[in-house]
S.K.: 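Starting off with a structure, shown below.
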Amino acid sequence: MSAPAKTVETVKIKVNGKELDAPKDQPVLQTCLDNGIYIPHYCYHPALSISGNCRMCLCTASNAPKAVISCATFPAEGAEYTTESEEVKKLREIILEFLLINHPLDCPVCDQAGECDLQEFSFRFGKDDSRFEEEKNYRHTKKLGTNVRLYGNRCIVCTRCVRFCEEIAGDAELCVRERGDSNIIDTFPGIPLENPISGCVADICPVGALFVDDFVHKTRVFFLESTTSVCNMCATGCSINVDTWQGEVQRLRPRHNPDVNDYWMCDRGRVGYKYSGAAERLSRYEVGPARAGSSAGDGKAKAGPTDPPRSTRAPSDFGKALAAVSDRAERVRREHGPGAFAFVASAWMSVEEMFLFRRLATTLAGAVPGEAGPATGILAVADGEAWTPRVGGAFKIDSDRNPNRKGAEMLLLGSFISEPFSVLLDRLESGAIKFAWVVGGIPDFSPMDRFRDALGAISNVVVTDILPGPLSERATILLPAASFVEKDGVFVNGRGWAQRCRAALPPPGETRTELDLFQELLRRAGERERVLSAQGVYAELAAEVGAFADTSYKTLGALGARVTDDEPAEREPTGREAAKR
């Protein structure tokens, strides 16, 4: 349950003649932005301490003799502020002329063009000519660290990046060198920009000075199509935007979510989409004969636990591959019963996929409540290193590298999986299992040797995966899977926050989503009338699983909702909240 909201003390002010209730401890600039009154600004960021150095957010105040910077002005009862007077407009022109004195006219080759505040404000608030005839100062262009590069000539020294490294990341790698019109952002000697969320400095840079290497010279931002989604690289589940162009993911960007990741995301998650566009992606259905020793197919020799995998699969299509799954499952069920089946889910599946998969396992195995059923388990990657910024708000890098382990615990443990994975391994190695279905979908996954070898000796192995590897090599029926940028679904992060993942691209080749695949098999088995959308499946899930009962795609919206009673960690103050004014 969330902590009770704190009472916010407000005062009455007027902005451009409009009366507003302004939080007393919030700058006038933020109050205006919250109420749809836009004031141009560069150095201000709601998660950082106030610097007040760009002077772009000037406004006039009834209780001040001259114009004030609205980012560092806190509201006074009854005060009136003006943001659109002729005086303010003239001041903006002067500030922009000053900021552009040394800025190069390289918009045609700058990757920031199209989302650059300097470009936008110059057009909206600046002058259409320049009086500057002297030679411009030239500043360095360099790599600041492994992931970030600086184009110094474009920098307006707003110091957002410096404050971020000091106040949020806590490593303080960046500083301002030199003085006057020669000052420039740089790293401290011998201390490169290498904190785990270093790419965020590019996100908050208001001009084209800082870029993540992964996006440099890829495409123009105005060509990109953006889709709201969820990062799948750890249990933090950062809210993100997936930007695509010409059928490929171009970049991932953090999306503000105060309850999950604040404004940030880690560098690992930022490039976590690349496996989805790998040249070796599994993108066609393949069916091969059952291995020898099975009553469900013919073969010459049964593979031993240490024998290398031998694939004789042939290309198939969606319908024929599913028919092969149904036919072989039916034969195994008829001749050996539900105890001859094994089903292994993945902590990288959406909750909708888990919900359908557990139903499909019961259907294919013909399991009867109260009797011995199929062996079941969950694949998950090992924990990594957790990392929390010094002042990180809601953000942290979770040690759990599985995006939906919490969802798997809520949907599969107990009702689907009641025994440890070691019991599953014992049953696989016993020779009693004739049909195993393993859902992978985990990039760079190496299963334990016992599990891998056991699969190599089973007669019928269905594998649903994204990339070729030890699992797909042992499949007798291979079903390609969709990555997180290609499917709709809900993921529950480590703190019990459910968020929607949205498809930004179609799956490659002949691939259909697991949602379609599982439902089509259930339809063929007479367990459902038609294939539903992810939203429809979620509605079914919410009706059956109590933790999700009060939620829907509509109530989850863009930011998600809590679906567990776990007490969330106390939110740490942001840089601005923590800094002493």
Side-chain angles (χ1 to χ4, degrees), residues 5-100 117-118 120-122 124-127 155-164 166-168 176 183 204-207 256 258 262-263 391 393 572-581:
K6 295 180 180 179
T7 302
V8 178
E9 186 179 354
T10 63
V11 296
K12 296 284 187 182
I13 64 171
K14 284 187 177 180
V15 179
N16 301 335
K18 180 181 179 181
E19 190 171 281
L20 301 175
D21 290 319
K24 197 172 182 179
D25 63 348
Q26 179 174 275
V28 170
L29 170 58
Q30 189 63 54
T31 297
C32 290
L33 297 176
D34 291 344
N35 285 275
I37 302 171
Y38 190 75
I39 300 177
H41 57 281
Y42 291 118
C43 65
Y44 176 78
H45 190 282
L48 304 176
S49 62
I50 295 168
S51 175
N53 65 20
C54 77
R55 323 304 288 180
M56 192 66 200
C57 66
L58 285 164
C59 68
T60 57
S62 61
N63 59 346
K66 58 182 180 180
V68 297
I69 49 174
S70 58
C71 69
T73 300
F74 291 81
E77 182 69 45
E80 297 186 20
Y81 303 92
T82 304
T83 69
E84 296 297 335
S85 66
E86 289 302 317
E87 177 186 358
V88 170
K89 292 178 181 178
K90 183 63 177 177
L91 288 171
R92 287 175 185 161
E93 283 188 2
I94 293 171
I95 294 299
L96 279 168
E97 185 177 25
F98 171 75
L99 292 174
L100 287 166
D117 288 345
L118 194 60
E120 177 70 15
F121 294 168
S122 297
R124 292 176 58 187
F125 308 114
K127 299 172 64 176
C155 180
I156 62 171
V157 200
C158 71
T159 70
R160 279 188 182 184
C161 56
V162 176
R163 284 174 283 147
F164 168 82
E166 180 178 348
E167 299 165 6
I168 303 299
V176 180
N183 64 0
I204 61 176
C205 180
V207 297
H256 180 221
D262 221 9
Y263 294 89
V391 181
E572 298 180 33
T574 63
R576 181 171 65 81
E577 293 166 342
K580 292 183 179 179
R581 292 197 293 268

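Residue indices begin at 1 and follow the sequence shown.
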S.K.: Calculate, to the nearest 0.5 Å, the distance between atoms SG and CD belonging to C59 and E80 respectively.
M.R.: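 Reported to 0.5 Å precision, the distance equals 12.5 Å.
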S.K.: Main chain of Y42, side chain of R160: is a donor-acceptor contact present, judged purely on distance under 3.5 Å?
M.R.: yes
S.K.: Who are the salt bridge (charged side-chain N to carboxylate O under 4.0 Å, His left out) partners of E19, not counting sequence neighbours?
M.R.: none
S.K.: Would you mind writing out the side-chain donor-acceptor pairs for residues 64-76 within the sub-3.5 Å range, not counting sequence neighbours?
M.R.:
residue, atom, partner, partner atom, Å
S70, OG, C57, O, 2.8
T73, OG1, I69, O, 2.7

S.K.: Check whether any side-chain heavy atom of L20 lies under 4.5 Å from a side-chain heavy atom of I37, and answer yes or no.
M.R.: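 L20 reaches I37 side chain to side chain.
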S.K.: Is the shortest heavy-atom distance from the side chain of P23 to the side chain of T31 under 4.5 Å?
M.R.: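 Side chain of P23 against side chain of T31, heavy atoms only: contact under 4.5 Å found.
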S.K.: For R163 and C158, indicate whether the former's side chain and the latter's backbone hold a donor-acceptor pair under 3.5 Å.
M.R.: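 Such a contact is found between R163 side chain and C158 backbone.
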S.K.: To check you understand the geometry: which heavy-atom pair defines the closest contact between G52 and C43, and what is its length?
M.R.: N-SG, 3.6 Å
S.K.: Quick one: side-chain hydrogen bond (donor to acceptor under 3.5 Å, both in side chains) partners of T83, sequence neighbours excluded?
M.R.: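 Expected list: N16.
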S.K.: For residues V88 and T82, report the shortest heavy-atom separation together with the two atoms involved.
M.R.: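 For V88 versus T82, the nearest heavy atoms are CG2-O, 3.6 Å.
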S.K.: Holding to side-chain hydrogen bond (donor to acceptor under 3.5 Å, both in side chains), I want the full list of residues that pass it with K89, two or more places apart in sequence or in another chain.
M.R.: none
S.K.: Measuring from L58:CG to K90:NZ, what's the distance to the nearest 0.5 Å?
M.R.: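 Reported value, rounded in 0.5 Å steps: 14.0 Å.
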S.K.: How would you list, by chain and number, every residue that makes a side-chain hydrogen bond (donor to acceptor under 3.5 Å, both in side chains) with E84, sequence neighbours excluded?
M.R.: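 Per chain and number, E84 pairs via side-chain hydrogen bond (donor to acceptor under 3.5 Å, both in side chains) with no residue.
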S.K.: Taking C-beta and beyond as the side chain, do I156 and L100 meet within less than 4.5 Å on heavy atoms?
M.R.: no
S.K.: Quick test of your reading: applying side-chain hydrogen bond (donor to acceptor under 3.5 Å, both in side chains), list the pairs with at least one residue in residues 52-61, sequence neighbours left out, ordered by first then second residue.
M.R.: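 Of all non-adjacent pairs touching residues 52-61, those that pass side-chain hydrogen bond (donor to acceptor under 3.5 Å, both in side chains) are S51-N53, N53-T159.
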S.K.: Using the test ring pair (Phe, Tyr, Trp, His ring centres under 6.0 Å), find all partners of F125 that sit at least two apart in sequence or belong to another chain.
M.R.: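 Listed in chain order: F121.
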S.K.: Please tell me if the side chains of Q26 and V8 come closer than 4.5 Å, counting only heavy atoms from C-beta onward.
M.R.: no
S.K.: Side chain to side chain contact (heavy atoms under 4.5 Å, CB included) with L33: which residues, sequence neighbours excluded?
M.R.: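 Residues passing side chain to side chain contact (heavy atoms under 4.5 Å, CB included) with L33: L29, Q30, Y38, H41.
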S.K.: Quick one, C32 and Y81 - any side-chain contact, counting heavy atoms below 4.5 Å?
M.R.: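 SC-SC contact between C32 and Y81 ruled out.
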S.K.: Could you pull out all residues at least two apart from K12 that satisfy salt bridge (charged side-chain N to carboxylate O under 4.0 Å, His left out)?
M.R.: D21
S.K.: Run the ring pair (Phe, Tyr, Trp, His ring centres under 6.0 Å) test against F164 and tell me which residues pass, sequence neighbours left out.
M.R.: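 Testing F164 for ring pair (Phe, Tyr, Trp, His ring centres under 6.0 Å), a comparison that skips the adjacent residues, returns W264.
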S.K.: Side chain to side chain contact (heavy atoms under 4.5 Å, CB included) with E120: which residues, sequence neighbours excluded?
M.R.: R124
S.K.: For A47 and I168, which heavy atoms make the closest approach, and how far apart are they?
M.R.: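 Shortest heavy-atom separation between A47 and I168 comes out as O-CD1, 3.7 Å.
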S.K.: Between M56 and L96, does a side chain to side chain contact (heavy atoms under 4.5 Å, CB included) hold up when you go through it step by step?
M.R.: CA-CA 8 Å; M56 192 66 200; L96 279 168; 3.6 Å; yes
S.K.: Does N63 have any side-chain hydrogen bond (donor to acceptor under 3.5 Å, both in side chains) partners at least two apart in sequence or in another chain, and if so, which?
M.R.: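 N63: no side-chain hydrogen bond (donor to acceptor under 3.5 Å, both in side chains) contacts found.
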